[in-house]
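Here it is: the structure, laid out below.
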Protein chains: 2
Amino acid sequence: MANFRSPDEPQASTESGIQVLDRSVRLLNLLGEAGHGGMQLSRLAAGLGLSASTTHRLLAALEHHGWVERVDGGKLHRLGAALVALAGQAADGTGLRRLCRPALARLSGESGETTFLIVRSGLNAVVVDRQEGAYVIESLTQGVGGLMPLGIGAGSAAILASQPEAEIEAVLAANAARYPQFGSSAERVRQRLRQVQAQGYLMSDESLIAGLAVLSVAIRPPGHAVTAAIATNFIASRLDTAARLAFLRRIRQEVAAIEATMAVPGATQRPTRSGES
Amino acid sequence: MANFRSPDEPQASTESGIQVLDRSVRLLNLLGEAGHGGMQLSRLAAGLGLSASTTHRLLAALEHHGWVERVDGGKLHRLGAALVALAGQAADGTGLRRLCRPALARLSGESGETTFLIVRSGLNAVVVDRQEGAYVIESLTQGVGGLMPLGIGAGSAAILASQPEAEIEAVLAANAARYPQFGSSAERVRQRLRQVQAQGYLMSDESLIAGLAVLSVAIRPPGHAVTAAIATNFIASRLDTAARLAFLRRIRQEVAAIEATMAVPGATQRPTRSGES
DNA sequence: TGCTGCAATTCCGTAATGTGGAAAGAAGTT
DNA sequence: AACTTCTTTCCACATTACGGAATTGCAGCA
């Protein structure tokens, strides 16, 4: 069969041992990047370097499972809602989301700022939950599902900082390899991490977005190797140092409470299937 | 090969034309149901009716892509955070989530109640976004990713009601076939739908959870075939009829604003990649 | 310390499964 | 109406995924 790995096959690291799966994953990721409007078969096929027939078959199969939808029944494809359902369970995987949600709600309710629950996923950090405050700055910040390389971004830094030193170096190296820009700021990242390790939290004006400040605390339940953090974004000029410290204290309170809950065996989470509206 | 479809193969409707994919999907769904603690290979294999070696291969491949994680490096598997990332993009697929989030934030901020953005996915409705209010009743209600058969549940009913009559009947029939209990309440569901069609909204004390009342309005941008709804849950005794009507008015206001935005071509959404904290 | 049993891996020959080229439909465009 | 572009279906082929058997790893127990 003319199925040689084309010499310029993208990411050899994407090979997992099951071809169809690899291709499906790449297809879905591609669709994800395409975002809103959807993509047509031919573009997808081109983007993946696959024949139209193969792409078509993949799409049909994924569509069958609700992982891909057609935009108003036509020729454009986009990611399907079944993924959202699956991911909902994934996000609750550790029970963390459920556990932290009330805390997030309280924090953003009191402060009016948006709060995030962030979890590690391999070399990335993922926004697993997000609670809007009264001051909506939506368009600038990450939504649920947002990804960032570990080390970059508030919660991300707090998480990475609480890893063993060897792990940290490995992650930094890997991410520098993945992202050229990452390498250049490696030293600053390292410095930041050291700061977090010393203080137990991250407070910084140097967010990735000019004018946005950041506050974040890692969640480290004794025993568990959970790698998560709670973070907040706010317009830097809105809170002076005193206010930030007060806010920080509240966050640490909530985190401590969460850690305590997780430490109590059995109380971590409840396998109850939830009902609905 | 001894790869006959076993006579009692579960759901023949799960066949999509690509075996590996079907199996992977079933595996992921199974892991999703398992939830928190994770599942071990042997149970998974048993649950799927697959050999251990096949299951192992699937798991390894999925793990490679971050769709499955090992609980603290051990023998238990659970859904991975990469799914959350993918689903984040899926949830924004229509641009709806981003568009509605500020509205949800306002509504739950003002009322103190939790609000939901619900979208159709085939025969189901999926909770695509959720904004916590001051009154947290978390454990009872659906989280992001929560699924319910179309017709059951607040937003769900509002969405279904705004479909053409033929579609409604088809969905009801299909869901009655899927869920035995659904069939018995079909007449009540139909009645509810008619009510929604007449009023343009759903207001009911008969939520699936005793004591919880429900308010929901479908989002129907002229032209678009979008099938979504905004919904709220609240403890029935907390709001009297007057308060509910006022709340309803606010919801309809927000929905109208959203529909207006969507009608303006180009203003629907912006393909801007968002930055982060 | 050495069994014993169960679960997770790895190996490997086999054929079933997924493959892409070619050809047929659909839908716009000039 | 001829042309272009994209989607969908068909089909013979060999690559890919399959599962049984063998191996390794790990607890619990004697």
Side-chain angles (χ1 to χ4, degrees), chain A residues 1-10 12 14-28 30-31 34 37-65 67-78, chain B residues 1-10 12 14-28 30-31 34 37-65 67-78:
Chain A
M1 189 199 291
N3 189 28
F4 306 93
R5 325 231 141 280
S6 49
D8 52 307
E9 186 91 319
T14 308
E15 308 290 319
S16 76
I18 299 188
Q19 198 188 57
V20 199
L21 242 166
D22 292 344
R23 293 176 168 185
S24 301
V25 170
R26 284 177 53 213
L27 176 73
L28 290 171
L30 195 53
L31 272 180
M39 256 179 119
Q40 58 188 7
L41 174 52
S42 51
R43 307 254 174 251
L44 280 168
L48 297 171
L50 296 178
S51 70
S53 58
T54 300
T55 309
H56 181 262
R57 202 170 343 105
L58 286 178
L59 274 175
L62 291 169
E63 193 183 345
H64 180 90
H65 291 290
W67 288 28
V68 167
E69 291 171 350
R70 277 160 187 254
V71 175
D72 69 355
K75 21 197 106 264
L76 292 179
H77 304 267
R78 80 158 96 95
Chain B
M1 188 199 295
N3 188 26
F4 307 94
R5 324 230 142 280
S6 50
D8 51 306
E9 186 90 321
T14 308
E15 308 291 319
S16 75
I18 298 187
Q19 199 188 55
V20 199
L21 244 166
D22 293 344
R23 292 175 169 186
S24 301
V25 170
R26 283 177 53 212
L27 178 91
L28 290 170
L30 195 53
L31 271 180
M39 254 180 121
Q40 57 188 7
L41 174 52
S42 51
R43 306 251 177 252
L44 280 167
L48 297 170
L50 296 177
S51 71
S53 58
T54 300
T55 309
H56 180 262
R57 202 170 341 106
L58 286 177
L59 274 175
L62 291 169
E63 193 182 346
H64 180 90
H65 290 290
W67 289 28
V68 166
E69 290 171 350
R70 275 160 190 256
V71 174
D72 69 357
K75 17 196 111 265
L76 292 179
H77 304 267
R78 82 159 96 94

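Side chains are part of it too, since the values below use all heavy atoms of this structure and drop only hydrogens, waters and symmetry mates. In what follows, chains are A, B, ... by sequence order, proteins preceding strands, each numbered from 1.
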(Q) In whole Å, I'd like the distance from the CE atom of B/Met39 to the C1' atom of C/dA8. (A) 15 Å
(Q) As an exercise, state the distance from CG of A/Leu76 to CD of A/Gln40, rounded to the nearest 0.5 Å. (A) 6.5 Å
Q: Grab the CG-P distance between A/Leu76 and D/dT8 for me, whole Å please.
A: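 Atom CG in A/Leu76 sits about 11 Å away from atom P in D/dT8.
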Q: Find which nucleotide of DNA chain D each of B/Ser51 and A/Arg43 is nearest to by heavy atoms, and output the residue with the more 5' nucleotide.
A: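 Final value for this comparison: A/Arg43.
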Q: Of all the heavy-atom pairs spanning A/Gly38 and A/Arg78, show the shortest one and how long it is.
A: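 Scanning both residues, the minimum pair turns out to be CA-CB, 4.2 Å.
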Q: Could you tell me which residues satisfy side chain to side chain donor-acceptor pair (under 3.5 Å) with B/Glu63, sequence neighbours excluded, listed by chain and number?
A: B/Arg70
Q) Per the end-axis method with five pairs at each terminus, what is the bend angle of the helix from C/dT1-D/dA30 to C/dT30-D/dA1, to 10°? A)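 Axis-to-axis angle, ends of the helix: 40°.
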Q | Which residues share a salt bridge (charged side-chain N to carboxylate O under 4.0 Å, His left out) with A/Arg43, sequence neighbours left out | A | none
Q | Polar side chain donor-acceptor pair, B/Asp22 to A/His65, under 3.5 angstrom | A | yes
Q: Spell out protein contact along nucleotides 23-30 of chain C as letters: B when the base is contacted, S when just the sugar-phosphate is, - when no protein heavy atom is under 4.0 Å; keep the 5' to 3' order.
A: --------
Q) Are OP1 or OP2 of C/dG20 and a side-chain N or O of A/Arg23 less than 4.0 angstrom apart? A)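 Answer yes for this pair, as a side-chain N or O of A/Arg23 is under 4.0 Å from OP1 or OP2.
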Q. When you check the phosphate oxygens OP1 and OP2 of C/dG20, does a side-chain N or O of A/Ser53 lie under 4.0 Å from one of them?
A.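 Result: no.
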Q: Could you list the residues that satisfy side chain to side chain contact (heavy atoms under 4.5 Å, CB included) with B/Ala61, not counting sequence neighbours?
A: A/Ser16, A/Ile18, A/Leu21
Q: Figure out the CG/P separation between A/Asp22 and C/dG18, and round it to whole Å.
A: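 Checked: the CG to P distance equals 14 Å.
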Q. Of the non-hydrogen atoms in B/His77 and B/Leu31, which two are nearest, and what is the gap between them?
A.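 Reported closest heavy-atom pair: O-CD2, 3.3 Å.
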Q. Just how far, in rounded Å, is C1' of D/dC6 from NE2 of A/His77?
A. 11 Å
(Q) On DNA chain D, does the nearest nucleotide to A/Arg70 precede the nearest nucleotide to A/Ile18 from the 5' side, or the other way round? Give the residue. (A) A/Arg70
Q: List in chain and number order the residues that pass side chain to side chain contact (heavy atoms under 4.5 Å, CB included) with A/Ser53, two or more places apart in sequence or in another chain; answer none if no residue qualifies.
A: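 Once residues adjacent in sequence are excluded, the partners of A/Ser53 under the side chain to side chain contact (heavy atoms under 4.5 Å, CB included) criterion are A/Ser51.
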Q | Residues from residues 54-62 of chain A lying under 4.0 Å of DNA chain C - heavy atoms | A | A/Thr54, A/Arg57
**Q.** Smallest separation among heavy atoms of B/Leu48 and B/Arg26, with atom names
**A.**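 B/Leu48 and B/Arg26 have their closest heavy atoms at O-NH2, 3.1 Å.
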**Q.** Atom-pair distance (CG on A/Leu21; C1' on C/dG18), nearest Å
**A.**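 Result: 13 Å.
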Q) Which distance, rounded to the nearest 0.5 Å, do you find between the CE of B/Met39 and the CG of B/Leu27? A)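 The CE atom of B/Met39 sits 9.0 Å away from the CG atom of B/Leu27.
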(Q) Using the side-chain heavy atoms of B/Gln19, tell me which of these nucleotides is nearest: C/dT17, D/dT8, C/dA8. (A) C/dT17
Q | Closest approach of A/Leu58 to A/Arg23 (non-hydrogen atoms, all atoms of both residues) | A |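 The pair with the smallest heavy-atom distance is CD1-CB, 3.9 Å.
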Q: Would you mind reading off the distance between B/Gln40 atom CD and C/dC6 atom C1', rounded to a whole angstrom?
A: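 From B/Gln40 CD to C/dC6 C1': 10 Å.
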